[in-house]
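Counting begins at 1 with the first residue of the sequence. For ligands, and for the atoms within them, numbers begin at 1 and follow the listed sequence.
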Amino acid sequence: MPVALVTGASRGIGAAIAEALARDGFDVAVGYGSDVAGAERTVAAVSAHGRAAVALKADVSDEVEAGALVDAAEAQLGPLDAVVLNAGITRDGLFLRMSADDWRAVIDTNLSGAFYVSRAAVRGMMRRRGGSIVAVSSVVGLIGNPGQANYAAAKAGMIGMVKSLAKEVGARGIRVNAVAPGYIATDMTAGLSDEQRTQVQAGTPLGRLGTPEDVSGVVAFLCSADAAFITGSVIRVDGGLGI
Ligand code: NAP
């Protein structure tokens with residue numbers, strides 16, 4: 001059975017990705033930071049598709065914990081065929097008022113966390129000459145957003161990392177891609193005011209926020225044999241916001 005690790009899979013987009021991969025036949029390691037109840041719900045959702053699942057706690061911004069996460073996933077489920085770099089946070093603020101702590105927290109989790117997890121996973125993929133890595137970036141990393149300089153920098157950085165790694169490991173049969181979601185209805189966007197929500201919808205040609213399932217199907221596609229000739233790509237899943 002193919003095996004996947006999804007970071008940040010206790011809720012939101014990551015939970016939907018874990019379930020989509022289970023539907024496609026993957027056993028899934030469900031990475032989470034602190035929401036153990038959420039992670040257990042995702043494990044149950046994966047199990048309902050008849051696939052094996054395990055919840056694994058790790059702070060991806062910690063190099064040692066990120067490495068241990070990959071080791072534990074492989075020890076419990078087997079060699080990783082797919083890794084989804086989804087764990088992420090926001091700490092919004094206008095540029096001039098942004099604290100160095102808020103800058104670092106977002107870079108450390110979203111960008112360095114993606115580096116630590118994928119570096120740990122790619123070693124085995126190189127030996128086995130195959131695998132798929134998908135980074136959950138953001139349309140904000142492509143077009144910027146006032147109040148999110150830290151987040152946009154991290155998400156743009158993930159895209160640079162994905163393209164560079166794709167060039168390094170393509171000859172070994174490893175594909176590395178990114179998705180760039182627009183506004184998706186999860187805990188992360190739950191704090192938008194009605195006015196902000198109206199603005200987002202007005203700026204989105206498809207006229208609505210996305211759902212976690214809008215993103216998870218695209219990630220599952222990128223992990224599938226149907227995407228066998230796709231690497232270094234960034235697929236916007238944003239209802240047209242980034243056009
Ligand atoms: P969410 O509902 O806030 O979930 C975030 C997930 O990341 C949780 O599972 C959380 O785990 C995990 N996480 C956070 N910090 C972590 C850390 N240091 N170590 C390990 N896990 C950590 O967010 P979401 O909306 O589903 O977002 C998922 C990804 O999509 C993020 O990378 C986000 O930037 C990206 N994205 C979201 C949107 C959007 O509009 N929602 C748009 C574009 C891109 P615990 O809760 O267990 O701590």
Result block: side-chain N/O donor-acceptor pairs under 3.5 angstrom for residues 106-117, not counting sequence neighbours:
{"from": "T109", "atom 1": "OG1", "to": "A105", "atom 2": "O", "distance (Å)": "3.1"}
{"from": "N110", "atom 1": "OD1", "to": "I89", "atom 2": "N", "distance (Å)": "3.1"}
{"from": "N110", "atom 1": "ND2", "to": "I89", "atom 2": "O", "distance (Å)": "3.3"}

For residues 181-191, which side-chain donor-acceptor pairs fall under 3.5 Å, sequence neighbours excluded?
{"from": "Y183", "atom 1": "OH", "to": "N145", "atom 2": "ND2", "distance (Å)": "3.3"}
{"from": "T186", "atom 1": "OG1", "to": "M188", "atom 2": "N", "distance (Å)": "3.1"}
{"from": "D187", "atom 1": "OD2", "to": "R11", "atom 2": "NH1", "distance (Å)": "2.9"}
{"from": "T189", "atom 1": "OG1", "to": "I184", "atom 2": "O", "distance (Å)": "2.5"}
{"from": "T189", "atom 1": "OG1", "to": "T186", "atom 2": "N", "distance (Å)": "3.2"}
{"from": "T189", "atom 1": "OG1", "to": "T186", "atom 2": "O", "distance (Å)": "3.3"}

Let me have the donor-acceptor pairs involving side chains of residues 152-167, under 3.5 Å, with sequence neighbours excluded, atom names and distances please.
{"from": "K155", "atom 1": "NZ", "to": "V136", "atom 2": "O", "distance (Å)": "2.9"}
{"from": "S164", "atom 1": "OG", "to": "G160", "atom 2": "O", "distance (Å)": "2.9"}

- Item | Worked verdict on S61 versus D59 for side-chain hydrogen bond (donor to acceptor under 3.5 Å, both in side chains) | CA-CA 5 Å; S61 71; D59 177 357; 2.7 Å; yes
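The 4.0 Å heavy-atom shell around ligand 1 contains residues G8, A9, S10, R11, G12, I13, Y32, G33, S34, D35, A58, D59, V60, N86, A87, G88, I89, T109, V136, S137, S138, Y151, K155, P181, G182, Y183, I184, T186, D187, M188, T189, ordered by chain and number.
Between the side chain of R175 and the backbone N or O of A227, at least one donor-acceptor pair lies under 3.5 Å.
Between L94 and L96, every side-chain heavy-atom pair lies at or beyond the 4.5 Å cut-off.
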